[in-house]
Participant: 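Handing you this structure, nothing more for now.
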Amino acid sequence: MTVSIKERLASLVAEAARSIAGPAFDVGTLPIGRPKDASHGDAAIPCFPLAKAAGQAPPAVAKAFAERLVELAKENHGILTTAEAVGPFVNVRYERAALAEDVVRGVLERREPFGPWKPNDTRVVIDYSSPNIAKPFHFGHLRSTVIGAALRRIYKHTGHTVFGINHLGDWGSQFGKILIAFEEWGDQEALHRDPMRHLYEIYVRFKRESDADPRLNERAAEAFRRLESGEDNAERRRWQELRDISLEAFQGPYRRLAAEFEAITGESFYEDKIESTLAQLKDAGITTVSEGALVVEIDGMPPCILVKSDGTTIYATRDLAALYYRRATYEFDKALYVVGAEQKLHFRQLKEVIAKLGWKEADGIEHIDFGLVLTFDPEQKRWTKFSTRGGNAIFLDEVLDEAVAKARTIIDEKNPDLADKDAVAEAIGVGAIVFNDLKNTRIKDVKFDWDELLSFEGETGPYVQYAGARLSSILRKAGSDDAADAIPADIVWCALHDAERVLITMLDFGSVLERCVDKNEPYILTSFVTSLASEIHSYLREHHVLSAEPEVKAARLLLVRAARDLIREGLALLGVASPEEM
RNA sequence: GCGCCCGUAGCUCAGUUGGAUAGAGCAUCGGACUUCUAAUCCGGCGGUCGCAGGUUCGAAUCCUGCCGGGCGUGCCA
């Protein structure tokens with residue numbers, strides 16, 4: 001197995017460091033970073049830890065360190081050309097041909113980290129999307145769906161065994177409300193025409209009318225009791241009907257968003273597992289009865305309620321049943337919950353309960369929280385929460401359709417002869433929305449802004465897609481867009497010396513994925529593909545491919561192929577399509 | 001009240017876990033298409049990193065205290 005140029009640099013740095021600061025020096029304390037200014041070099045090593053260990057001033061140590069690196073580089077060809085001390089830093093430059101070959105070959109031959117990583121033994125359950133099907137699939141559901149789907153693919157790519165789970169909100173007391181709402185105002189024709197919208201309308205109406213008529217809430221509670229009784233009654237049949245129709249309706253958005261699951265086990269799936277869950281929790285001796293409810297008391301926070309005083313269960317009970325089931329079924333090491341930040345307390349409670357049970361898996365339970373979707377309130381002149389109750393929810397399909405329509409308009413204007421315009425518009429429009437949601441740190445609130453959502457310029461999905469399309473176009477015109485094309489033996493790799501910025505960026509792919517996994521943050525990858533696209537757009541302006549001298553052209557075509565593949569790979573991990581043309 | 005989160009350019013955000021002169025996009029101003037897609041590129045303008053202390057060779061980053069905003073705070077999810 002070949003060792004990447006990055007790893008070879010790391011071992012060179014380690015060897016040089018030990019020869020300066022002694023064999024006991026902890027090489028891990030010496031970070032290899034990127035210089036502030038790209039003109040300084042390809043990689044930079046701050047020498048402060050080394051200076052401390054060597055007991056000398058940082059600039060002096062840096063100087064000696066750089067000299068040692070140069071010596072070592074002479075003995076080990078194909079890694080570095082220069083190592084220069086600048087004050088307390090050492091800036092190094094990769095040997096150009098080696099850099100180019102390492103990166104391009106790595107991508108095209110799908111070596112790690114560009115291709116799939118060798119399997120590790122970590123098993124990960126990712127709970128995401130999990131829409132409440134008594135409520136509409138609105139824009140707010142996008143976040144969990146898109147973040148979770150991206151994490152699922154990133155974990156898979158990096159060698160984890162992953163189980164993506166849609167913990168559908170298809171149970172619970174709000175179903176009592178929906179049942180009563182449907183009994184009062186339900187309409188079969190409207191339900192089948194547009195299930196989500198119809199259920200949304202009657203749900204909002206229920207919320208509104210129950211304010212004036214508390215009897216509605218009582219009836220809803222009774223309906224849920226009857227549902228949870230386990231009998232094959234009218235409530236159950238209606239529930240089953242609404243659930244099936246809703247679930248079917250969700251498949252459209254899931255397809256468009258490239259969201260896939262290993263299992264769709266909603267809350268109702270645990271209905272027959274609640275009893276044994278409660279028994280085990282009681283047997284463990286961690287439950288108490290408080291104010292008529294069965295709870296687990298937890299230091300420093302409110303108790304976790306298992307059975308309400310009216311005898312019905314609650315979401316925490318079902319989440320615990322799910323944890324028992326998932327431990328037995330998937331033998332997970334990590335259980336990630338991609339759920340909004342407002343449920344922070346609930347997941348802290350879950351984790352505490354599991355810790356009280358003494359499970360070794362407790363540490364692996366992690367709430368992958370994210371910010372709210374806000375809407376601008378012109379009256380209050382500030383960003384406020386969407387409220388389902390208020391009825392100002394924005395449907396996801398509406399947003400996607402709007403973006404696709406905008407993409408279609410731009411295609412007609414810029415590329416009227418394009419084949420398959422509708423398919424390309426779908427890829428661009430949906431890609432823009434997905435990309436936008438994965439652009440920032442999860443915890444940031446998302447401000448719902450049509451202008452920003454429908455912007456296809458700058459740091460956007462279409463910007464990255466466009467870079468990919470330009471690369472594909474070059475390959476098409478060169479007639480060499482065959483992924484199976486072998487890399488010729490006579491490639492002059494140093495012809496790519498002027499593509500250093502692109503190559504150095506591509507070199508980062510592995511550590512980018514590591515950071516994504518480490519922090520459960522897809523935006524790091526989003527940011528990476530944006531940088532790569534930017535480097536490509538700049539490069540293509542200055543460096544013509546098809547008209548270059550044969551040697552240069554051959555090398556550049558390989559670079560183009562590699563960059564195109566990596567952009568496609570990165571976007572695919574995020575859930576964004578890469579049109580060949582746009 | 002208490003707990004958690006956020007505060008960086010006019011706006012939206014990065015800042016690789018404490019390293020070099022704090023970076024992008026949008027907006028704005030100027031420039032680049034008879035050459036592989038101008039959904040692009042190049043340049044200008046724009047900063048008391050909320051405030052005040054502290055830690056040290058070095059702080060947007062760590063610690064403390066304030067200020068402002070958000071979320072949560074026992075039977076919704």
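What you see is a predicted model; the values in this text were computed from it and never measured. Throughout, protein chains are lettered first and strands after them, A, B, ... in sequence-line order, and every chain is numbered starting at 1.
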Participant: Parallel, tilted or perpendicular, judged at 30° and 60°: which one describes the rings of A:F347 and A:Y337?
Facilitator: tilted
Participant: For B:C42, does OP1 or OP2 lie under 4.0 Å from any side-chain N or O of A:S538?
Facilitator: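 Yes.
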Participant: Are the side chains of A:T145 and A:D437 in touch, meaning some heavy atoms are under 4.5 Å apart?
Facilitator: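 A side-chain contact under 4.5 Å is absent here.
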Participant: With a non-hydrogen cut-off below 4.0 angstrom, is A:R318 in contact with a base, only sugar-phosphate, or nothing?
Facilitator: sugar-phosphate
Participant: Side chains of A:S538 and A:E535: donor-acceptor distance under 3.5 Å anywhere?
Facilitator: no
Participant: Would A:H141 and A:N132 count as having a side-chain donor-acceptor pair, cut-off 3.5 Å?
Facilitator: no
Participant: Just the rounded figure in Å: distance from P of B:U16 to CG of A:L525.
Facilitator: 17 Å
Participant: Mind calculating the distance between CG (A:D319) and C1' (B:C76) to the nearest angstrom?
Facilitator: 13 Å
Participant: With C1' as the reference atom in both, quote the distance from B:G23 to B:U64 in angstrom, rounded to an integer.
Facilitator: 30 Å
Participant: Using whole Å, report how far CG of A:L374 lies from P of B:C13.
Facilitator: 9 Å
Participant: In whole angstroms, how far is the P atom of B:C13 from the CZ atom of A:F528?
Facilitator: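 Value for this atom pair: 24 Å.
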Participant: Of the options B:G72, B:A20, B:C4, whose atoms approach the side-chain atoms of A:E342 most closely?
Facilitator: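 Among B:G72, B:A20, B:C4, the one nearest the side chain of A:E342 is B:G72.
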Participant: Base, sugar-phosphate alone, or nothing: which one does A:V307 contact when heavy atoms must sit under 4.0 Å apart?
Facilitator: nothing
Participant: Contact class for A:A57 vs. all strands (heavy atom < 4.0 Å): base, sugar-phosphate, or nothing?
Facilitator: nothing
Participant: Is there side-chain contact between A:T505 and A:F528, with heavy atoms separated by less than 4.5 Å?
Facilitator: yes
Participant: Are A:T313 and A:R318 close enough that a side-chain donor and a side-chain acceptor fall under 3.5 Å?
Facilitator: yes
Participant: Mind checking the C1' distance from B:U40 to B:G65? Whole angstroms is fine.
Facilitator: 50 Å
Participant: Check whether the side chains of A:S268 and A:D170 place a donor and an acceptor atom closer than 3.5 Å, and report yes or no.
Facilitator: yes
Participant: Would you say B:G7 has OP1 or OP2 under 4.0 Å from some side-chain N or O of A:K444?
Facilitator: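 Yes.
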Participant: I'd like the P distance from B:G46 over to B:A22, given in whole Å.
Facilitator: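 Pairwise P distance, B:A22 against B:G46, rounds to 14 Å.
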Participant: Strictly distance-based, threshold 3.5 Å: is any side-chain N or O of A:N166 a donor or acceptor partner for the main-chain N or O of A:S130?
Facilitator: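 Pair found, side chain donor or acceptor close to backbone of A:S130.
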Participant: Counting any heavy atom closer than 4.0 Å, what does A:D417 reach on the DNA or RNA strands: base, sugar-phosphate only, or nothing?
Facilitator: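 A:D417: no heavy atom of the nucleic acid under 4.0 Å.
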Participant: Base, sugar-phosphate alone, or nothing: which one does A:G33 contact when heavy atoms must sit under 4.0 Å apart?
Facilitator: nothing
Participant: Say we look at B:U8 and B:A52: how far apart would their P atoms be, to the nearest angstrom?
Facilitator: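 Their P atoms lie roughly 16 Å apart.
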Participant: Measure from NZ on A:K177 to P on B:C76 and round the result to the nearest Å.
Facilitator: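 In whole Å, B:C76 P lies 8 Å from A:K177 NZ.
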Participant: Starting at atom CD1 of A:I305, determine the distance to atom C1' of B:C76, rounded to an integer number of angstrom.
Facilitator: 11 Å
Participant: Which part of the nucleic acid does A:I443 contact within heavy-atom distance under 4.0 Å: base, sugar-phosphate only, or nothing?
Facilitator: sugar-phosphate
Participant: Any non-hydrogen side-chain atom of A:R561 less than 4.5 Å from a side-chain atom of A:L471?
Facilitator: no
Participant: Check whether the aromatic ring of A:F48 stacks on the base of B:G58, taking stacking as ring centres less than 5.5 Å apart and planes within 30° of each other.
Facilitator: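 Here A:F48 fails the 5.5 Å or the 30° condition.
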Participant: Using a heavy-atom cut-off of 4.0 Å across all strands, would you classify A:D518 as base, sugar-phosphate, or nothing?
Facilitator: base
Participant: Rounded off to whole Å, could you give me the CD1-to-C1' distance for the A:I504 and B:U16 pair?
Facilitator: 15 Å
Participant: With a non-hydrogen cut-off below 4.0 angstrom, is A:S173 in contact with a base, only sugar-phosphate, or nothing?
Facilitator: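 Result for A:S173 = sugar-phosphate.
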Participant: Can you check the distance between B:G50 and B:G44, where both ends of the measurement are the P atom (answer in whole Å)?
Facilitator: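 The same atom, P, in both gives a distance of 26 Å.
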Participant: With C1' as the reference atom in both, quote the distance from B:C13 to B:G3 in angstrom, rounded to an integer.
Facilitator: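 Comparing C1' positions in B:C13 and B:G3 gives a spacing of 27 Å.
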Participant: In whole angstrom, give the distance that lies between atom NE2 of A:H138 and atom P of B:A77.
Facilitator: 16 Å
Participant: For A:R219, give me all partners under salt bridge (Lys or Arg N to Asp or Glu O under 4.0 Å), at least two apart in sequence or on another chain.
Facilitator: A:E183, A:E184
Participant: Give the dot-bracket line for RNA chain B from 5' end to 3' end: parentheses for intra-strand Watson-Crick or G-U pairs under 3.5 Å, square brackets for crossings, | for inter-strand pairing, dots for unpaired.
Facilitator: (((((((..((((.....[...)))).(((((.......))))).....(((((..]....))))))))))))....
Participant: Testing the 3.5 Å rule here: is there a donor-acceptor pair between the side chains of A:H537 and A:R470?
Facilitator: yes
Participant: Quick check: closest heavy atoms across A:V353 and A:I298, and the distance to 0.1 Å?
Facilitator: CG2-CD1, 4.2 Å
Participant: On the nucleotide B:C13, are OP1 or OP2 found under 4.0 Å from the side-chain N or O atoms that A:K447 carries?
Facilitator: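 For B:C13, OP1/OP2 do have a side-chain N/O of A:K447 under 4.0 Å.
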Participant: Is A:D37 touching bases, backbone alone, or none of the nucleic acid, heavy atoms closer than 4.0 Å?
Facilitator: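 Nothing: the residue A:D37, judged by heavy atoms under 4.0 Å, touches no strand.
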Participant: Does the protein touch nucleotides 24-39 of chain B at the base, only the backbone, or not at all? Give it as B, S and - per nucleotide, heavy atoms under 4.0 Å.
Facilitator: BSS--------SBBSB
Participant: Which comes earlier along RNA chain B counting from the 5' end, the contact point of A:E267 or that of A:L345, where each point is its nearest nucleotide?
Facilitator: A:L345
Participant: Taking the C1' atom of each, how far is B:C5 from B:A39, in whole Å?
Facilitator: 36 Å
Participant: When you measure from the side chain of A:K385, which nucleotide among B:A77, B:A20, B:G72 comes out closest?
Facilitator: B:G72
Participant: What distance, rounded to whole Å, do you find between the two C1' atoms, one in B:A24 and one in B:G70?
Facilitator: 26 Å
Participant: Assuming nearest nucleotide by heavy-atom distance, tell me which of A:I314 and A:E297 is located more 5' along RNA chain B.
Facilitator: A:E297
